[in-house]
Chemist: 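Have a look at this one.
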Amino acid sequence: MAEEVTLSSHIQHHLTNAKMCTTDTGLAFNKACSDSGFWTWHIDTLAWSIGLGMLFLWTFRRAAKGATVGVPDKFQCFIEMVVEFVGDNVNKTFQGKSTLIAPLALTIFVWVFLMNLMDLIPVDFLPAFAGFVGETAFGMDSHDVYMKVVPTTDINLTAALALGVFLLMIFYSIKIKGLGGFVKELTLHPFNTKNKLAMVFLIPCNLLLETIALVAKPFSLALRLFGNLYAGELIFILIGAVGLMQLPLHFVWAVFHILVIVLQAFVFMMLTIVYLSMASSDNH
């Protein structure tokens, strides 16, 4: 078995999600889900993303409950700095009025940051532990046990986040401009003329261009976050393949990758604010 594990199979194993699906015989996992189609759950992505989301809620709730009028402790100062940082960016960027945007931006920034932060854990540690548990507790071949611990390296999660932003964009566009205004925005821009006959031919072109521009925003959100974290994870996996020397190399790449982790969370948050601000604007 050890001779069959090549560098290619090692990389593929680390890039494979733990899957769960339903078949004719009931619940199935991993390789049994290879032909299950669309309704396949990536249970590692779900578990880690939900767990980190709960950690975010618990941490900030604890800080809120422990807030005092006196001198705050270091934990409280740190939480307040994060909240003020996000609030300042929302105030400078979002042109409309909404009580949702600031909490949404804070949630996106911290949640995406925590999910990205999982990339700094040595790449073989948690998957090897999962394989050990699967082998000792369930009698499974450890190579058939999968675990991807960085949720943002799963395109399904980044696409789900982007889809949520897209739905909010549509909601705010219709709320601020009305359904008619939203339709006019899609059909009467960027080409406009007072000649009604010419507009009949221009409307399909406008609709095509504006629809592409609208859909491209969440599409770019999903791919930007996924691509950067997936590439970083792949480099960590390649470093992990060198054996005992992986820890020094891991540390060097991790120091640089910290910038990527923070920057991608910040970019996702800022683009979300910008897109929602554009959707909330009365001007095209």
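Computed from heavy atoms alone, side chains included, the values below leave out hydrogens, waters and symmetry copies.
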Chemist: Which class fits the ring pair Phe113 and Phe109: parallel under 30°, tilted 30 to 60°, perpendicular over 60°?
Modeler: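 If you compare the ring of Phe113 with that of Phe109, the planes turn out parallel.
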Chemist: Between Lys148 and Asp154, is there a side-chain N and carboxylate O pair less than 4.0 Å apart?
Modeler: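 No.
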Chemist: Out of the candidates Thr187, Ile174, Ile176, only one should pair with Phe182 under the side-chain contact (heavy atoms from CB on, under 4.5 Å) rule; please name it.
Modeler: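 Testing each of Thr187, Ile174, Ile176 against Phe182, the sole residue satisfying side-chain contact (heavy atoms from CB on, under 4.5 Å) is Ile174.
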Chemist: Is the closest side-chain heavy-atom distance between Arg62 and Trp58 below 4.5 Å?
Modeler: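 Sidechains of Trp58 and Arg62: in contact.
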Chemist: Quick check for you: to the nearest 0.5 Å, what is the distance between Leu229 atom CG and Leu234 atom CG?
Modeler: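 Taking CG in Leu229 and CG in Leu234, the distance rounds to 12.5 Å.
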Chemist: About how many Å separate CG of Leu202 and CG of Leu197, when rounded to the nearest 0.5 Å?
Modeler: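 So the CG of Leu197 and the CG of Leu202 are separated by 10.0 Å.
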Chemist: Should Thr107 and Phe56 count as side-chain neighbours, where that means a heavy-atom distance under 4.5 Å?
Modeler: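 In short, these two side chains touch, coming nearer than 4.5 Å.
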Chemist: I need the Phe94 CZ to Ile101 CD1 distance, nearest 0.5 Å.
Modeler: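 Output value for this atom pair is 4.0 Å.
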Chemist: Hydrophobic cluster membership, with links at side-chain heavy-atom distances under 4.5 Å among I/L/V/M/F/W/Y: are Leu57 and Leu157 in one?
Modeler: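 Yes; Leu157 is reachable from Leu57 via cluster members.
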Chemist: With a 6.0 Å cut-off on ring centres, are Phe236 and His14 close enough?
Modeler: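 No; His14 has its ring centre 6.0 Å or more from that of Phe236.
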Chemist: Without swapping roles, check the side chain of Ser220 against the backbone of Lys217 for a donor-acceptor pair under 3.5 Å.
Modeler: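 Indeed, once roles are kept as given, a pair shorter than 3.5 Å links the two residues.
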Chemist: How far apart are the C-alpha atoms of Tyr172 and Ser98, what are their side-chain angles, what is the distance that settles it, and do they pass the side-chain hydrogen bond (donor to acceptor under 3.5 Å, both in side chains) test?
Modeler: CA-CA 10 Å; Tyr172 275 100; Ser98 174; 2.6 Å; yes
Chemist: Donor-acceptor pair, Thr16 side chain versus Gln12 backbone, under 3.5 Å?
Modeler: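 Side chain of Thr16 to backbone of Gln12, a donor-acceptor pair under 3.5 Å: yes, one is there.
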Chemist: Would you say the rings of Phe219 and Phe166 are close, in the sense that their centroids are separated by under 6.0 Å?
Modeler: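 No, the ring centres sit 6.0 Å or more apart.
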Chemist: Taking all non-hydrogen atoms of both residues into account, name the closest pair between Asp44 and Ala18 and its distance.
Modeler: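 Taking Asp44 first and Ala18 second, the nearest heavy atoms are OD2-N, 2.9 Å.
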Chemist: Could you grab the distance from atom CG of Asn228 to atom CD1 of Ile261, nearest 0.5 Å is fine?
Modeler: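 The CD1 atom of Ile261 is 11.5 Å from CG of Asn228, to the nearest 0.5 Å.
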Chemist: Is the distance from the ring center of Phe129 to that of Phe125 below 6.0 Å?
Modeler: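 No, they do not, as the ring centres are separated by 6.0 Å or more.
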Chemist: To the nearest 0.5 Å, tell me how far Lys97 NZ sits from Ser280 OG.
Modeler: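 Answer for the NZ-OG pair, Lys97 versus Ser280, is 12.5 Å.
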Chemist: Would you say the ring centers of Tyr146 and Phe29 fall short of 6.0 Å from each other?
Modeler: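 They do not qualify: ring centres at least 6.0 Å apart.
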